[in-house]
*Asks:* 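Take this structure first; my questions come after.
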Amino acid sequence: MNKIVANAEEAIQGIQDDMTLMLGGFGLCGIPENAITALVETGVTGLTCISNNAGVDDFGLGLLLQKRQIKKMVSSYVGENAEFERQMLSGELEVDLIPQGSLAERCRAGGAGIPAFFTPAGYGTEIAEGKEVRMFNGKPHILEMALTADFAIVKAWKGDRMGNLVFKGTARNFNPVMAMAGKITIAEVEELVEPGELDPNTIHTPGIFVQRIFQGEKYEKRIEQRTVRQKEA
Amino acid sequence: MNKIVANAEEAIQGIQDDMTLMLGGFGLCGIPENAITALVETGVTGLTCISNNAGVDDFGLGLLLQKRQIKKMVSSYVGENAEFERQMLSGELEVDLIPQGSLAERCRAGGAGIPAFFTPAGYGTEIAEGKEVRMFNGKPHILEMALTADFAIVKAWKGDRMGNLVFKGTARNFNPVMAMAGKITIAEVEELVEPGELDPNTIHTPGIFVQRIFQGEKYEKRIEQRTVRQKEA
Amino acid sequence: MLDRNSIAKRIAQELQDGWYVNLGIGIPTLIANYIPEGISVEFQSENGILGMGPFPFDGEEDADLINAGKQTITAMSGASIFDSATSFAMIRGQHIQLTVLGAMEVAQNGDIANWKIPGKLVKGMGGAMDLVASADNIIVAMMHTNRKGKSKLLKRCSLPLTGVGCVKKIVTNMAVLDIVEGGFKLIERAPGVSIEEIIAATEGHLIVEGDIPEMTF
Amino acid sequence: MLDRNSIAKRIAQELQDGWYVNLGIGIPTLIANYIPEGISVEFQSENGILGMGPFPFDGEEDADLINAGKQTITAMSGASIFDSATSFAMIRGQHIQLTVLGAMEVAQNGDIANWKIPGKLVKGMGGAMDLVASADNIIVAMMHTNRKGKSKLLKRCSLPLTGVGCVKKIVTNMAVLDIVEGGFKLIERAPGVSIEEIIAATEGHLIVEGDIPEMTF
């Protein structure tokens with residue numbers, strides 16, 4: 001079994017206008033940088049992007065927004081991006097805001113063949129409008145639907161040709177659940193390793209969830225909020 | 001934060017007659033041997049045990065069955081146990097059979113605050129009797145409820161005093177999902193290690209799901225179906 | 001008539017390169033011995049391993065490495081281990097390309113019964129209900145008739161169901177059959193088995209169209 | 001009147017040994033600086049870490065280690081990392097003993113609004129709706145009044161809600177208040193702040209019973 005493709009360009013073959021994509025990452029942490037760059041170059045447009053955030057003006061999904069390749073964002077928080085604001089206010093960009101935990105669980109559900117589940121998040125708010133409400137244990141819950149995508153694009157630390165993935169630190173975030181929910185899942189990794197190098201016990205995403213894998217050319221791994229403390233004298 | 005208790009006897013303090021327990025393991029693989037032995041010694045009775053299997057006559061949950069400490073088993077497969085058969089046929093023991101995937105997901109749901117979810121498993125069978133049926137994507141699904149327990153008892157390979165757990169091989173099975181679903185979760189481990197010895201990236205069960213932890217005195221780790229091949233000459 | 005190994009061997013011909021496969025207990029387990037050359041597949045065992053390898057050599061058994069039949073196994077290079085919820089996420093989420101399992105009865109509409117005989121001791125369905133309800137591609141491996149000589153391919157199942165309308169293909173000791181609108185469509189005959197014999201052993205509606213070739217191995 | 005740091009310091013007094021705590025952005029983040037001696041708590045950040053430590057020293061930042069505010073952080077010994085679904089399993093499953101977050105408005109029935117102002121750009125609710133709907137124990141940390149001097153403790157929220165009936169306690173620059181049947185129950189006053197001042201700054205129903213002590217630090 002060999003799921004390795006040469007590069008980002010080859011990995012994103014088949015992504016077409018008006019498709020739905022999931023993209024891993026939280027802020028700029030753990031985003032598939034190389035695949036995003038390749039998507040910008042294809043000029044594919046009309047995309048619905050399911051991603052917790054929308055990048056910043058000149059990095060991450062912001063690059064696709066700049067080129068107006070995104071029709072709709074499905075996210076929990078989109079606040080760091082002037083171009084995003086402009087497109088949203090002008091009505092060019094549709095935005096579907098989803099509570100972060102419901103977003104994560106809806107992706108996992110999509111990957112796990114659970115079409116719908118009940119959650120308390122959002123009950124009594126505008127998020128619940130039009131959704132079924134039901135009491136469990138004396139507490140109201142709303143019914144949320146699974147999310148899937150034509151392509152899921154995730155970024156891992158290491159991976160092998162079977163598609164097994166290992167993530168590093170909080171760059172894990174949405175990547176594993178989105179990997180489960182893509183009809184085709186593309187994984188870009190910092191390092192491709194030989195099968196057997198990853199301990200079967202410590203694999204975060206089993207290869208069954210990944211259809212294509214490649215080693216990214218380079219990783220900028222930009223930090224959004226560099227926050228430090230000073231060493232005391 | 002120190003969740004270490006001295007031994008199995010101390011760990012199971014508070015388990016009382018007629019409580020509901022979850023017990024990790026698949027067959028005899030990854031079962032909390034030491035806690036089960038301690039439970040036998042307490043003589044606690046009327047237990048509802050949620051466990052994928054019911055042990056064998058003289059090991060695992062079979063030991064509790066022998067002493068008639070179990071009122072009800074909630075399992076997916078219970079076939080390896082003569083005493084179990086006798087009690088079930090005589091009506092002494094109640095048995096609730098649940099499809100294995102629904103059992104696992106119901107435990108996870110219980111731990112994750114998802115009170116109910118839809119699954120296709122069991123539709124059109126007696127498992128679906130009395131359950132809500134709904135179509136999603138043209139396919140019928142049934143509504144399944146979350147499971148929780150007064151105590152969950154799991155067995156891990158290594159653990160630390162924060163309650164972080166690492167499992168080995170297929171001894172993982174139901175242990176992580178049951179750890180999530182116990183009001184109080186007891187973990188027994190083969191080896192207690194110092195905090196920091198477990199790589200934060202490779203922890204299977206974060207300590208937040210575990211309230212008590214101890215190192216088991218000894219592990220028999222009995223093999224149910226020893227199956228081998230011969231080396232070719 | 002085929003023996004158990006030949007049934008497994010015939011089903012192995014259905015495997016495609018790159019597939020993830022879940023094999024049930026019994027005849028399905030034997031399929032792993034007959035993977036066609038040039039084809040690479042990964043076996044999932046629902047207790048939590050992908051990349052299940054052959055049984056261990058004597059003396060190399062690991063109590064922490066078993067399959068869903070509770071047998072000691074090995075892990076292939078590139079294997080991965082996961083918990084039961086993730087395992088059934090793979091199954092329910094249709095990430096497995098082929099599921100092969102045994103059955104007591106199959107009906108011509110694809111219903112399957114393989115977990116319970118009223119009046120007999122019930123051991124449980126294990127993962128079977130999740131597997132049959134979820135899989136896109138299910139092959140049943142079984143004998144064409146039961147020990148009393150009664151057909152196991154029926155108009156309607158008489159036993160409590162494991163799943164409804166889910167079986168796509170059946171490989172028995174007598175034939176390969178697809179489940180299509182209207183009944184069991186005969187695809188291949190076991191070497192030396194006549195169409196008449198298959199008709200006689202099939203209680204459900206058997207569709208016989210054109211020439212029915214013998215299986216080749 | 002308390003400053004932001006003193007609000008954080010007062011809330012820190014509510015911490016109990018062994019608690020898992022989720023701190024929102026803003027004032028709540030400051031609480032980590034005031035953990036009482038002898039008390040050990042673990043901070044969860046909903047992007048996927050338990051055992052979040054202080055900010056890194058200059059030059060030791062790791063792009064792969066951030067908190068939910070996207071700030072660089074460190075991990076304590078004994079920390080664990082997990083995916084977003086598991087993170088919210090902890091939150092939704094009520095494994096977190098205390099959630100502290102900011103608010104634009106709180107109503108006397110425990111409703112909270114902190115994510116959206118009609119006519120202004122909406123950035124999203126992030127994890128706030130999951131946190132408030134799930135937590136058993138929520139403390140709101142905020143100023144008693146907004147920049148225009150209008151009370152943020154209201155009979156009913158005027159802004160779109162984040163959650164209903166979920167806030168249990170509020171610590172402002174003027175007071176500590178519990179939400180009880182019927183309204184905001186005044187528990188403590190900030191040093192030098194009179195009951196009259198608190199009454200004047202509270203639009204919702206304020207319950208004042210017996211002596212109201214000043215906060216002590």
Side-chain angles (χ1 to χ4, degrees), chain B residues 1-5 22 104-117 146-149 152 156 158-167 172 176-185 187 192-213, chain D residues 15-22 35 38-53 62 64-67 73-99 127 129-138 163 166:
Chain B
M1 215 168 269
N2 187 355
K3 300 175 179 178
I4 296 175
V5 295
M22 281 183 187
E105 190 68 16
R106 289 174 67 183
C107 293
R108 180 191 176 276
I114 303 288
F117 60 89
L147 287 170
T148 57
K158 293 183 179 180
D160 65 24
R161 63 176 159 80
M162 329 286 286
N164 293 310
L165 303 180
V166 169
F167 303 91
R172 193 182 318 179
V177 290
M178 288 183 170
M180 295 169 72
K183 288 192 195 76
I184 295 175
T185 292
L192 270 174
V193 302
E194 288 303 310
E197 279 189 51
L198 302 177
D199 176 354
N201 290 296
T202 65
I203 287 167
H204 296 126
T205 292
I208 193 170
F209 295 122
V210 174
Q211 280 68 48
R212 303 175 189 171
I213 187 167
Chain D
L15 296 174
Q16 291 184 23
D17 193 40
W19 273 9
Y20 292 94
V21 179
N22 182 294
I35 304 168
I39 293 237
S40 155
V41 298
E42 289 266 298
F43 294 110
Q44 196 243 24
S45 191
E46 64 266 27
N47 58 318
I49 181 169
L50 201 64
M52 181 170 43
D62 178 354
D64 292 330
L65 209 52
I66 65 168
N67 65 16
I73 55 162
T74 55
M76 305 289 280
S77 171
S80 56
I81 305 277
F82 33 84
D83 64 48
S84 299
T86 304
S87 183
F88 282 90
M90 292 174 189
I91 291 167
R92 212 187 297 102
Q94 304 195 324
H95 302 277
I96 309 268
Q97 278 77 33
L98 176 63
T99 296
M129 282 192 183
D130 307 273
L131 282 160
V132 301
S134 306
D136 246 348
N137 187 14
I138 300 176
C166 48

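Per chain, numbering begins at 1; letters A, B, ... match sequence-line order. In this text the structure is predicted, and so the values were computed from the model without any measurement.
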*Asks:* Do the non-hydrogen side-chain atoms of D:Tyr20 and D:Met90 ever get within less than 4.5 Å of each other?
*Replies:* no
*Asks:* I'd like to know if the side chain of D:Asn137 reaches the main chain of D:Gln97, judged simply by a donor and an acceptor atom lying under 3.5 Å from each other, with no hydrogens or angles considered.
*Replies:* yes
*Asks:* If the test is side chain to side chain contact (heavy atoms under 4.5 Å, CB included), which one of B:Asp160, B:Thr185, B:Val210 qualifies with B:Leu165?
*Replies:* B:Val210
*Asks:* Give a yes or no on whether D:Met76 atom CE has more than 12 heavy-atom contacts from other residues, nucleotides or ligands under 6.0 Å away.
*Replies:* no
*Asks:* Can you name the closest pair of heavy atoms from B:Val166 and B:His204 and give their distance?
*Replies:* CA-ND1, 3.6 Å
*Asks:* Is the backbone N or O of D:Ile66 less than 3.5 Å from a side-chain atom of D:Asn47, with the two atoms forming a donor-acceptor pair by type?
*Replies:* yes
*Asks:* Can you check whether anything in residues 193-203 of chain B gets within less than 4.5 Å of chain D, heavy-atom wise, and list it by number?
*Replies:* B:Pro195, B:Gly196, B:Pro200, B:Asn201, B:Ile203
*Asks:* By a 4.5 Å heavy-atom criterion (distance strictly below it), what part of D:Glu42 contacts chain B: side chain, backbone, both, or neither?
*Replies:* both
*Asks:* Tell me which of these, B:Gly113, B:Ala109, B:Ala112, B:Gly111, has more heavy-atom pairs under 4.5 Å with chain D than the rest.
*Replies:* B:Ala112
*Asks:* With sequence neighbours left out, what residues match B:Arg108 under salt bridge (charged side-chain N to carboxylate O under 4.0 Å, His left out)?
*Replies:* A:Glu105
